[in-house]
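Structure first, then comments.
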Amino acid sequence: MGTLSAGARDVAVVGFGQTMETVGEGWAEALGQGRHALQGRRMADIVAPAQRGDLDRRLADVLGGRRPTDQLEVHLRHIAGHQVRRMLRLTALQDDHGEVLCAVVTLQPSAIGRGVSDTTVLEAWDAGRAVLLAQPIVDLDTRRSVRHELLLRLLTPEGDVLVPRDVMPVLVRHGRALDLDRWVVDAALSILLRSGERPPGVIEVNLSPAAITAPETFAEHLEHAVSRAAIAPAQLVLGMDLGDVAQQPVGAAVVARRAQTIGCRVALDHAEATPRTLALLHRVPYDILRLDGALVDASGYDPGKLLLLRALLRAVERDGTEPVASEVRDDIAVALLQRNGVTRGQGFFLGAPRDAAVLLHPS
């Protein structure tokens, strides 16, 4: 069926065997699996067992031309045994003669979706229903992980998975985001301490805007936590989004300097080749620059974007820091990055997130 356009990220193309032939990135995110791992899977296998028969029947009706469209709510089987609730819209794709070619299944928010309430988020956080996933950052030559990034999810009582874009604004509004930053740092240090000489070796955590809005308070917690943990501080990498850094550059610089002083490393995320990004690189000390995934992707077909990417990489080279490509989608992107001196990457194509518990019990 070919490849999907960027605008079809929430679309899966399903053939007459009810297997997914082409899968958008939105499906990979919802399920916590790489797109390539989903291709060839039966659609019914990725939903809760009790819903498989209903989905099979509805797909058969759409593919058989008996029903041009349909919609149902399902629980998708997320990694680590959790579930994420979504609406599926099933549509028959027909040729000029009205013959069905395939089914197009589109992910939509469920009833909880983007309308998640502050109360739902706060209750999940207060009840301790936080889950940490770990996604590898890999060496592009060997495809082996060099460290892991921790990703936060919250679980509702119904089993829905809330992602940071649902969670973070609520915690910020209610003054709870700094609690999250402290908790994530402590969790990362605990994993590193308990794993001993085994992998993961190095863990990267993402800080919320609250950490750089109250830099002294966060830095004190970081210093005390690292001093109590019997690990090398360089095993902990603190990530800050450049969008947040642009709002609080002074606070970000305080956090970065104090983290580096005790031996931790600092990563700046979502770097684009813009004057704002380049200016911030001179104001905030950092060790790792995470290249924006959209810039990396566009560089494969837009010569102008490739020139911008190379300009950004020259700035990183001057600073002697490590560039990491985010959202690497395929081998073409890997080859482009390697030709331009980037040796580290991350994305579902290179390694899907897993329950962070696997870092304590690697297979």
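The number of heavy atoms from other shown groups lying within 6.0 Å of CD (Q71) is above 12. Within a 6.0 Å sphere centred on CD1 of I332, heavy atoms belonging to other residues, nucleotides or ligands number 12 at most. More than 12 heavy atoms of other residues, nucleotides or ligands lie within 6.0 Å of CZ in R66, so this atom counts as buried by the packing criterion.
When atom types are taken as modelled, the side chain of S145 and the backbone of R147 share no donor-acceptor pair closer than 3.5 angstrom. When atom types are taken as modelled, the side chain of Q135 and the backbone of G351 share a donor-acceptor pair closer than 3.5 angstrom. A donor-acceptor distance shorter than 3.5 angstrom exists from the side chain of S227 to the backbone of E223, with no hydrogens or angles considered. R129 places a side-chain N or O within donor-acceptor distance of the main-chain N or O of L155, the cut-off being under 3.5 Å. Between the side chain of D139 and the backbone N or O of R143 there is no donor-acceptor pair closer than 3.5 Å. At distances below 3.5 Å, not a single donor-acceptor pair connects side-chain atoms of R194 with backbone N or O atoms of L189. Formation of a donor-acceptor pair under 3.5 Å by the Q18 side chain with backbone atoms of D56 is found in this model. Proximity of a side-chain donor or acceptor of T277 to a complementary backbone N or O of E272 within less than 3.5 Å is detected. Under a 3.5 Å cut-off, the side chain of E220 and the backbone N or O of T217 do not form any donor-acceptor pair. Looking only at distances, a side-chain donor or acceptor of N340 sits under 3.5 Å from a matching main-chain atom of L336.
By the 4.5 Å heavy-atom criterion applied to side chains, R58 and L90 are counted as neighbours. Between L268 and V284 there is a side-chain heavy-atom pair separated by less than 4.5 Å. Between R67 and D70, the closest side-chain pair of non-hydrogen atoms falls below 4.5 Å. Residues L238 and V205 are in side-chain contact: their nearest non-hydrogen atoms beyond the backbone lie under 4.5 Å apart. Side-chain contact between W125 and V167 is absent, with no heavy-atom pair separated by less than 4.5 Å. Between L55 and M43, the closest side-chain pair of non-hydrogen atoms falls below 4.5 Å. By the 4.5 Å heavy-atom criterion applied to side chains, L133 and R354 are not counted as neighbours. In this structure the side chain of T19 never reaches within 4.5 angstrom of the side chain of V14, judged on heavy atoms.
P249 and L280 get closest at one heavy-atom pair: CB-CD2, 4.2 Å. A325 and V296 make their closest contact through CB-CG2, 4.1 Å (heavy atoms, listed as atom of the first residue, atom of the second, distance). Considering every non-hydrogen atom in both A271 and L242, the closest pair reads CA-CD1, 3.5 Å. Heavy atoms only, all atoms of each residue included: A92 and V62 are closest at N-CG1, 3.5 Å. Of all heavy-atom pairs spanning K305 and S299, the tightest one is O-OG, 3.3 Å. In terms of heavy-atom proximity, A273 sits nearest to L295 at N-CD2, 4.0 Å.
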| field | Trace of the side chain to side chain contact (heavy atoms under 4.5 Å, CB included) decision for T213 with F218 | value | CA-CA 9 Å; T213 302; F218 173 75; over 6 Å; no
| query | For L76 and V47, what are the C-alpha separation, side-chain angles and deciding distance, and is it a side chain to side chain contact (heavy atoms under 4.5 Å, CB included)? | reply | CA-CA 4 Å; L76 301 174; V47 303; 4.0 Å; yes
| task | Apply side chain to side chain contact (heavy atoms under 4.5 Å, CB included) to H174 and L122, showing your working. | result | CA-CA 9 Å; H174 292 271; L122 293 173; 3.8 Å; yes
| What's the verdict on side chain to side chain contact (heavy atoms under 4.5 Å, CB included) for M87 and L72, showing C-alpha distance, side-chain angles and the deciding distance? | CA-CA 6 Å; M87 294 297 298; L72 73 159; 5.7 Å; no
| request: Give the C-alpha distance, both sets of side-chain angles, the deciding distance and a yes or no for side chain to side chain donor-acceptor pair (under 3.5 Å) between E327 and Q346. | output: CA-CA 6 Å; E327 300 176 36; Q346 185 180 25; over 6 Å; no
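The hydrophobic clustering, which links ILVMFWY residues whose side-chain heavy atoms are closer than 4.5 Å, places F348 and L107 apart. Hydrophobic clustering keeps L59 apart from F16 (ILVMFWY residues linked when any side-chain heavy atoms are closer than 4.5 Å, directly or through intermediates). Both L140 and L312 are members of a single hydrophobic cluster when ILVMFWY side chains are connected at heavy-atom separations under 4.5 Å. Using a 4.5 Å cut-off between side-chain heavy atoms of Ile, Leu, Val, Met, Phe, Trp and Tyr, with links allowed through other members, L281 and V254 fall into different hydrophobic clusters. Cluster annotation: I262 is connected to V184 through the hydrophobic network of ILVMFWY side chains, with a link wherever side-chain heavy atoms come within less than 4.5 Å.
The CG atom of D118 sits 9.0 Å away from the OG1 atom of T120 when rounded to the nearest 0.5 Å. A distance of 9.0 Å separates OG1 of T106 from CG of L88, quoted to the nearest 0.5 Å. The distance from the CG atom of D45 to the CG atom of L38 is 11.0 Å, given to the nearest 0.5 Å. Within the model, atoms CG of L162 and CE of M168 stand 12.0 Å from one another, a figure rounded to the nearest 0.5 Å. One distance of note links CZ of R339 with CG of L306; it measures 8.5 Å at 0.5 Å rounding. Taking CD1 of I137 as the start and OG of S326 as the end, the distance is 8.0 Å to the nearest 0.5 Å.
A side-chain N or O of S208 and one of D181 form a donor-acceptor pair less than 3.5 Å apart. In the model, D10 has no side-chain atom that pairs as donor or acceptor with a side-chain atom of Q108 under 3.5 Å. Between D292 and H270, the side chains place no donor N or O within less than 3.5 Å of an acceptor N or O (distance only, hydrogens not considered). Residues E21 and Q39 have side chains that never bring a donor and an acceptor to within less than 3.5 angstrom of each other.
Checked for salt-bridge contact, R176 and D179 meet the test: a charged N lies under 4.0 Å from a carboxylate O. D186 and R182 are not joined by a salt bridge, as no carboxylate oxygen comes within less than 4.0 angstrom of a charged side-chain nitrogen. A salt bridge links R290 with E149: the distance from a Lys NZ or Arg NE/NH1/NH2 to an Asp or Glu carboxylate oxygen falls below 4.0 Å. Checked for salt-bridge contact, R265 and D287 miss the test: no charged N lies under 4.0 Å from a carboxylate O.
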